[in-house]
Every structure is written in C-alpha cells, then in structure tokens.
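Structure record follows, encoded as structure tokens.
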Amino acid sequence: MANDPKRAFHIASAPDIKSGQVSDVYFARTVEILRAKGINKRVKAEIRLKSFPQADWSFGILAGIEEAATLLEGMPVNVWTMDEGTIFAPYEPVVVVEGNYLDWAEYETALLGFLCQASGIATKAARCKRAAGERQVISFGARRMHPALAPMIERNAFIGGCDGVAVTKAAELIDADPMGTIPHALVLMFGDTVDALRAFHEVVDPKVRRVALIDTLQDEKFEAIRVAEALGKDLYAVRLDTPSSRRGDFFRILDEVRWELDFRGFEHVKILASGGIDEYEILKLNSLVDGYGVGTAIANAPVLSFALDIMEIEGRPMAKRGKRSGAKQVWRVPGTVENFVLPAHKPAPRGPDGRPAEALLKPLLAGGRLVRDLPPPRTIRDFVLEQMAKIDIGASRERGLRGDY
Ligand code: PCP
C-alpha cells in the first residue's frame with residue numbers, strides 16, 4: 001500500500017474558507033439564478049439565536065467574531081457586531097451584514113459556522129467557570145474533537161472562562177503556557193505512581209506544578225498518602241480521574257482523600273478532579289475539589305444555532321415569516337447585562353438611572369476594512385468574567401429564566 005501523497009486530512013483549508021468554498025450549494029445556485037436574471041439587491045441581514053440548546057441556559061457568550069472578521073475582511077460589505085465575549089440572549093441580533101447580496105451570499109455557511117460552534121464552547125466554559133467560582137477550570141477536551149479545531153476549541157474555552165488549556169498549539173493562540181498534569185501512560189511506564197511522580201519531579205521544568213495522578217493502579221486514598229509523603233511540600237495537588245467503573249460515590253472518595261491528607265499534615269495538597277466533569281458535577285464537588293479538568297463537556301458543547309436572515313432590502317424593512325423586519329440596535333442597561341432590542345432608527349434610550357444605554361452592535365467592517373480593534377483572548381476573557389459577575393440571579397429568575405445557579 002503506497003503512501004498516497006494526495007491523501008490529506010478531511011478539512012477545508014483557510015484559502016478554501018476565505019474564497020467562499022465552504023458553502024451550502026443552494027447559495028451557489030441562488031447566485032447563479034440572480035446573476036442570470038440580473039438581480040443584485042442591496043440587503044441588510046442579521047444573525048440571531050432563537051433559543052438556547054438547553055432549557056436551563058439563561059445567557060450566551062458571543063464568540064467567533066475575530067474569525068468572522070477574517071472571513072469578511074476585504075469584501076464590499078459593512079458589518080456591525082457585538083464585541084466578542086458579550087453576554088446575549090435569544091432574539092438579540094449579534095451580527096449585521098450589509099451589502100449587495102451577490103457579493104457575500106456564499107459566505108453565510110462559513111460565517112454561521114464560526115459563530116455557532118465557538119459561542120457554544122464559550123458559553124459552556126462560562127457555565128463551568130461560573131459553577132467553579134475561584135477554583136481552576138482547565139480545558140482538557142481537544143482529544144474529543146478533530147485536531148484541526150483544537151486551537152479554536154481551546155481559545156473559546158479560554159475566553160469563556162477556563163483558566164488554562166492543555167494543547168500547546170492552542171496555548172500559543174492565547175499567549176499562555178499550556179497546562180497539564182500526568183497521563184495514566186506515564187504511571188504505567190514506571191509501574192508505580194510514586195516512581196512516575198519522582199521522575200516528573202526530576203525531569204520537568206520546576207515552574208510546572210507537581211500534580212500526581214493517583215487513580216491508575218491502586219486505591220486513591222492510599223496513593224494520595226504515598227505521593228504526599230514522597231514529595232511533601234513540593235507536591236501541589238493530586239488528580240483523581242477515577243474510571244467510571246470504579247467511581248461509585250466520587251464525592252465520598254474525594255472526602256476520604258482530603259481526610260487522609262489533612263490527618264497527616266498535608267493540608268497544602270490540593271485536589272483536582274477530571275473525567276466526565278461538567279457544571280452540574282462541579283456544583284456537587286466544590287466543597288472538596290480545588291480545580292477541574294473538563295474535556296468533553298466543553299469541547300463537545302452544544303452549538304448555538306444562530307440563523308442569518310435578511311431583514312431589509314434596498315433600504316426597506318423586509319423579512320421572512322417568523323422574523324422581525326428592519327434594522328435594529330441592541331441596547332444594554334448601564335452597569336448590568338440586561339439587554340433590550342429597539343428599531344435602529346429609534347433615539348438612544350436611557351437606563352432607569354438616567355444614564356444613556358450602551359449600543360452593543362458596533363461597526364466592525366466598513367467597505368470590508370476593519371474599523372475596530374480585535375482584543376486578545378485574555379482581554380475578552382476578562383470582559384466575560386466581568387459580565388458574569390453582573391448576572392443577577394434574581395433578575396434572571398424574574399425574567400423567567402429558570403434553572404440557572
Ligand atoms: C482523560 C484526560 C482528561 C479527561 C479524560 C477528560 O483521561 O485525563 O482529563 O475527560 P472528559 O472528556 O470526560 O471530560 P484519560 O484519557 O483516561 O487519561 P489520560 O490521558 O490522562 O491518561
């Protein structure tokens with residue numbers, strides 16, 4: 001079986017995406033028909049969400065804006081968007097595109113793809129970070145998805161609130177050091193948890209925290225005692241990734257480990273948990289756990305199924321059934337994350353305290369030229385955490401957004 005140089009990974013390249021080749025065929029046919037009939041109307045379209053993927057989700061984190069800018073940059077279009085990281089709700093337009101329809105029609109598929117997956121990941125990461133509070137949440141999920149997407153997945157896990165990412169290539173994108181502990185494979189290579197940890201301590205850069213994985217071979221509580229006695233003050237934490245077949249009452253296992261460590265004076269040793277962790281599991285384990293490795297729950301987060309719809313043709317409000325026509329602005333009540341939508345031609349409203357409301361849809365591209373700075377991931381993450389601190393449980397409950405914590 002000769003090595004076939006043409007065999008490549010099943011992914012679209014950046015030039016493929018940028019040249020509009022990642023597009024549903026009915027857009028190409030629409031363009032063909034409109035060209036044949038000499039129709040090229042100037043339209044305005046908006047992207048918005050109809051509902052969250054799960055009933056207990058009460059906020060969304062907008063992500064994918066930087067890639068959307070890269071996609072549409074250089075095209076004869078005007079684009080307005082919310083800032084990346086903005087907390088939004090269904091029925092609030094997050095992106096508006098204006099231009100001659102034939103110039104951008106075939107970019108809808110890729111544009112929505114950038115926003116739907118990235119925003120799902122960022123929102124799930126935000127829910128996990130919100131549940132964990134000050135405790136660390138590290139993205140461990142790249143292995144669950146196509147590797148071509150790993151940088152995108154972990155970048156959006158980070159801007160959503162994760163404190164770190166595991167994949168080196170993704171860490172470069174967020175300008176941070178990759179984070180990780182020990183895989184079961186290393187323990188198996190040494191045939192002993194303490195020997196593997198000692199080798200890690202001897203070989204790996206001292207600035208990397210010493211975290212012992214304690215569920216590979218023996219009972220976690222006895223392994224916790226052994227690694228703590230082996231490394232003493234140099235041991236930062238133990239990680240429990242207990243296989244589901246042995247997990248039983250995970251809380252009780254963690255409680256025993258905590259007791260045995262504290263009983264012997266190893267109060268400084270933190271406990272990390274991974275394997276099947278999501279925001280609900282985090283809420284159950286917080287009283288014992290100091291940090292989490294979250295994989296599948298974030299990497300395989302439900303997408304936010306944004307839709308793009310024309311709402312104005314040749315300057316006149318026109319939208320399909322089920323959609324509000326006309327250009328809109330999304331306003332934010334000062335000092336809150338409470339948004340509301342008004343027709344764009346309406347005057348700027350004021351908040352209950354008289355302060356002017358903030359317009360969330362801001363120019364991004366003018367005639368295809370970038371007219372707004374695109375902040376680095378860490379700045380977007382700070383913006384997300386700052387907003388999350390403002391999510392007022394009472395108000396969200398009043399607004400009938402149930403089930404949030
Ligand atoms: C994986 C790795 C990640 C975990 C699972 C993510 O464990 O340690 O932390 O799990 P999740 O997708 O359920 O959230 P293994 O593959 O068992 O372990 P390792 O590669 O660390 O030996």
Side-chain angles (χ1 to χ4, degrees), residues 54 117 120-132 135-147 149-150 152-154 156-158 160-171 177-197 199-200 203-204 208-220 223-224 227 236-248 250-251 253-254 257 270-286 288-303:
Q54 280 168 233
Q117 187 174 17
I121 292 165
T123 305
K124 189 71 172 182
R127 292 177 58 80
C128 290
K129 182 57 184 172
R130 193 169 155 68
R135 298 167 194 79
Q136 284 210 324
V137 177
I138 311 300
S139 165
F140 274 1
R143 66 186 64 194
R144 307 295 182 216
M145 289 291 168
H146 192 294
L149 299 179
M152 179 280 290
I153 289 170
E154 297 219 307
N156 292 299
F158 179 72
C162 282
D163 299 271
V165 302
V167 170
T168 313
K169 196 75 194 147
D177 292 330
M179 298 176 79
T181 65
I182 286 179
H184 295 97
L186 184 68
V187 177
L188 293 169
M189 286 303 114
F190 282 87
D192 178 77
T193 296
V194 170
D195 293 350
L197 180 65
F200 185 106
V203 174
V204 174
V208 177
R209 287 172 172 164
R210 272 57 181 142
V211 178
L213 179 64
I214 60 170
D215 61 78
T216 310
L217 300 167
Q218 309 297 339
D219 182 276
E220 293 87 342
E223 293 286 72
V227 293
Y236 172 76
V238 292
R239 172 164 81 101
L240 284 81
D241 191 73
T242 306
S244 49
S245 60
R246 304 289 197 288
R247 200 164 275 218
F250 196 36
F251 184 90
I253 297 173
L254 294 160
V257 168
K270 297 184 181 313
I271 293 180
L272 307 183
S274 60
I277 304 286
D278 62 12
E279 66 268 46
Y280 310 105
E281 199 58 19
I282 287 172
L283 288 174
K284 291 186 204 139
L285 303 176
N286 271 343
L288 287 167
V289 171
D290 305 291
Y292 299 93
V294 181
T296 311
I298 291 175
N300 184 35
V303 297

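All ligand and atom numbering here is 1-based and tracks the order in the structure. Throughout, numbering of the chain's residues begins at 1 and tracks the sequence.
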For this session: List in chain and number order the residues that pass side chain to side chain donor-acceptor pair (under 3.5 Å) with His184, two or more places apart in sequence or in another chain; answer none if no residue qualifies.
Result: Asp215

Exercise. Would you find more than 12 non-hydrogen atoms of other residues, nucleotides or ligands less than 6.0 Å from Arg247 atom CZ?
Worked result: yes

Seminar exercise, completed: Closest to atom 6 (C) of ligand 1 by heavy-atom distance, out of Arg144, Glu281, Arg143, His184, is Arg144

Seminar exercise, completed: min-distance protein heavy atom vs atom 14 (O) of ligand 1 -> Gly295 N, 2.8 Å

For this session: Just jot down the side chain to side chain donor-acceptor pair (under 3.5 Å) partners of Arg209, sequence neighbours excluded, or say none.
Result: Tyr236

Exercise. Any nitrogen or oxygen of Ile182, main chain or side chain, under 3.5 Å from a nitrogen or oxygen of ligand 1?
Worked result: no

Exercise. Of the protein's non-hydrogen atoms, which lies at the shortest distance from atom 9 (O) of ligand 1, and what is that distance?
Worked result: Phe140 CD2, 2.8 Å

Exercise. Relative to the heavy atoms of Pro183, which atoms of ligand 1 are at a distance of less than 4.0 Å?
Worked result: 21 (O), 22 (O)

Exercise. Is any side-chain heavy atom of Ile121 less than 4.5 Å from a side-chain heavy atom of Gln117?
Worked result: yes

Problem set entry | Heavy atom of the protein closest to atom 17 (O) of ligand 1 (residue, atom name, distance) | Asp241 OD2, 3.3 Å

Exercise. For ligand 1, which atoms, with element, lie under 4.0 Å from some heavy atom of Ser274?
Worked result: 9 (O)

Exercise. Can you list the ligand 1 atoms lying under 4.0 Å from a non-hydrogen atom of Gly275?
Worked result: 10 (O), 13 (O)

Exercise. Where the side chain of Glu220 meets the backbone of Leu240, is there a donor-acceptor pair that is under 3.5 Å apart?
Worked result: no

Exercise. Is the closest basic N to carboxylate O distance between Asp163 and Arg135 below 4.0 Å?
Worked result: no

Seminar exercise, completed: Under 4.0 Å between heavy atoms, the region of Arg239 that gets near ligand 1 turns out to be side chain

For this session: Could you tell me whether some N/O pair between Gly276 and ligand 1 is separated by less than 3.5 angstrom?
Result: yes

Exercise. Is any side-chain heavy atom of Glu279 less than 4.5 Å from a side-chain heavy atom of Tyr292?
Worked result: no

Problem set entry | Atom of Cys162, atom of Ile298 and distance for their closest heavy-atom approach | SG-CD1, 3.6 Å

For this session: Under 4.0 Å from a heavy atom of Thr296: give me the atoms of ligand 1 that qualify, with their elements.
Result: 11 (P), 12 (O), 13 (O), 14 (O)

